Amino acid sequence: MSYEIKSLKDALAGNPYVGRGIVIGKSADGKHAAFAYFIMGRSANSRNRVFVEEGDGLRTQPYDESKVEDPSLIIYSPVKTVGKKIIVTNGDQTDTVEEGLKKGKCFRHSLSTRAFEPDAPNFTPRISGILNLENGFDYSMSILKSADEKGSACNRYTFDFEPLAGLGHFIHTYVTDGNPLPTFTGEPERVKIGNDLHAMANEIWDNLDKDNRISLYCRSVEIETGKWESVLFNRFTR
């Protein structure tokens, strides 16, 4: 494998459509856990969204409720917290993981009941992450994707990480634009994580394709105390 670590700019710039993306990692000074979640959209229905922060969670909400065509795959809670674990996903599997954790299941087993999205011919992967701050910090990522172009079966991959200062991992739904959209492949990409959450948020937002970017949410959590701060960008401001 390659041990190259890309900047977030290099991981995003010039790519018209990576879809939805999750970044999780550890700050350069080793004191903070950080994550980001963003959504992009090509259709009017997909673009008609904003992120709304609710306590220690996050939800999507229509920007213009009169223009909602199908809420089933676009309205959900991307971020939820269970104890000292933070769940971040690109769909309603956030709720599945939350319910699983409350029943004593692990992240991987909670997702074993779920599959990719039923949006043929793209069969959008379900991507998920979990930050565990119960005893220090570690994190995992998951992708559930179609085994073939027909959606005949689901392949489930889970990646567990021992954090390194200044290193993060980036997983996204698509490689780039296309018809059908080409699914993300391989391991989560290695990306640089600094100490400034606002700089991280700006680097992601500024390098997402301006025609297709919709919303971005970033959070930094002090590992020792649990104190956190967040940054939220919406293309459309309510």
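Predicted model, so just to flag it, every value in this text is computed and none were measured.
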ask   = With side chains defined as the heavy atoms from C-beta onward, is the minimum distance between S66 and V68 less than 4.5 Å?
value = no
query = Are side-chain heavy atoms of N207 and L8 found at a separation under 4.5 Å?
reply = no
request  = Taking all heavy atoms of A34 and all of M200, pick out the closest pair and write down the distance.
outcome  = CB-SD, 4.3 Å
remark   = F35 meets the ring-ring contact (aromatic ring centres under 6.0 Å, His included) criterion, sequence neighbours left out, with none
ask   = Got F51 and Y37 here, is their nearest side-chain heavy-atom distance under 4.5 Å?
value = yes
request  = Report the residues that fulfil salt bridge (charged side-chain N to carboxylate O under 4.0 Å, His left out) with K84, sequence neighbours left out, ordered by chain and then residue number.
outcome  = none
task = Identify the heavy atoms of L144 and L111 that sit nearest to each other, and give their distance.
result = CD1-O, 3.9 Å
request  = Please list, chain by chain and in numerical order, all residues satisfying salt bridge (charged side-chain N to carboxylate O under 4.0 Å, His left out) with R59, sequence neighbours excluded.
outcome  = E54
note = Contacts of D56 meeting salt bridge (charged side-chain N to carboxylate O under 4.0 Å, His left out) (sequence neighbours excluded), chain-then-number -> none
ask   = Sequence neighbours excluded, which residues qualify as salt bridge (charged side-chain N to carboxylate O under 4.0 Å, His left out) partners of D95?
value = K80
key: Set of side-chain hydrogen bond (donor to acceptor under 3.5 Å, both in side chains) partners for S110, sequence neighbours left out   = none
ask   = Just wondering, do Y17 and L181 contact through their side chains at under 4.5 Å, heavy atoms?
value = yes
inquiry  = Is there a path of hydrophobic side-chain contacts, each under 4.5 Å between heavy atoms, that joins I24 and V79?
reply    = yes
key: Where K26 and G30 come nearest, the two heavy atoms and their spacing   = CE-O, 3.3 Å
ask   = In the hydrophobic cluster built from side-chain contacts under 4.5 Å, what are the other members alongside F116?
value = F123
key: Pairwise salt bridge (Lys or Arg N to Asp or Glu O under 4.0 Å) hits with a residue in residues 38-51, at least two apart   = R42-D177
task = Following the transitive rule for hydrophobic clusters with a side-chain heavy-atom cut-off under 4.5 Å over Ile, Leu, Val, Met, Phe, Trp and Tyr, establish whether Y157 and F161 coincide in one cluster.
result = yes
task = Answer yes if the side chains of S43 and N45 hold a donor-acceptor pair under 3.5 Å, and no otherwise.
result = no
List the atom pairs, donor and acceptor, that lie under 3.5 Å between side-chain atoms in residues 163-176 and the rest of the protein, sequence neighbours left out.
from : atom 1 : to   : atom 2 : distance (Å)
H169 : ND1    : Y139 : OH     : 2.7
H172 : ND1    : Y174 : O      : 2.7
H172 : NE2    : E189 : OE2    : 2.8
T173 : OG1    : V18  : O      : 3.3
T173 : OG1    : R20  : N      : 3.0
Y174 : OH     : T124 : OG1    : 2.4
T176 : OG1    : N15  : OD1    : 2.9

key: Presence of salt bridge, E99 and K103, under 4.0 angstrom   = no
query = V191 and M40: same hydrophobic cluster, using ILVMFWY side-chain contacts below 4.5 Å?
reply = yes
inquiry  = Tell me every residue that passes side-chain hydrogen bond (donor to acceptor under 3.5 Å, both in side chains) with D160, counting only those two or more places apart in sequence or in another chain.
reply    = S140
Heavy-atom closest pair, residues I204 and A36 = CD1-CB, 3.6 Å
query = Are I86 and V221 side-chain neighbours, meaning at least one heavy-atom pair lies under 4.5 Å?
reply = yes
ask   = Between the side chains of Q93 and R126, does any donor sit under 3.5 Å from an acceptor?
value = yes
ask   = Could you give all pairs that pass the side chain to side chain donor-acceptor pair (under 3.5 Å) test and reach residues 196-205, with sequence neighbours left out?
value = none
ask   = Checking N195 side chain against A28 main chain: does a donor-acceptor pair fall under 3.5 Å?
value = yes
ask   = Does V88 share a hydrophobic cluster with L232, counting links as ILVMFWY side-chain heavy atoms below 4.5 Å and allowing steps through other members?
value = yes
key: Flag side-chain contact, heavy atom, 4.5 Å: I130 against L101   = yes
key: P78 side chain reached by T60 side chain, heavy atoms, under 4.5 Å   = yes
query = So, for P16 and D209, which heavy atoms are closest and what is the spacing to 0.1 Å?
reply = O-CB, 3.3 Å
inquiry  = Can you confirm whether L58 sits close enough to V52 that some side-chain heavy atom of one is under 4.5 Å from a side-chain heavy atom of the other?
reply    = no
key: Smallest separation among heavy atoms of D148 and S146, with atom names   = O-OG, 2.5 Å
request  = Determine, using the 4.5 Å side-chain heavy-atom cutoff (strictly less than), whether L133 and M141 are members of one ILVMFWY cluster.
outcome  = yes
query = Can you list the other members of the hydrophobic cluster that holds I75, where links are side-chain heavy atoms under 4.5 angstrom apart?
reply = I74
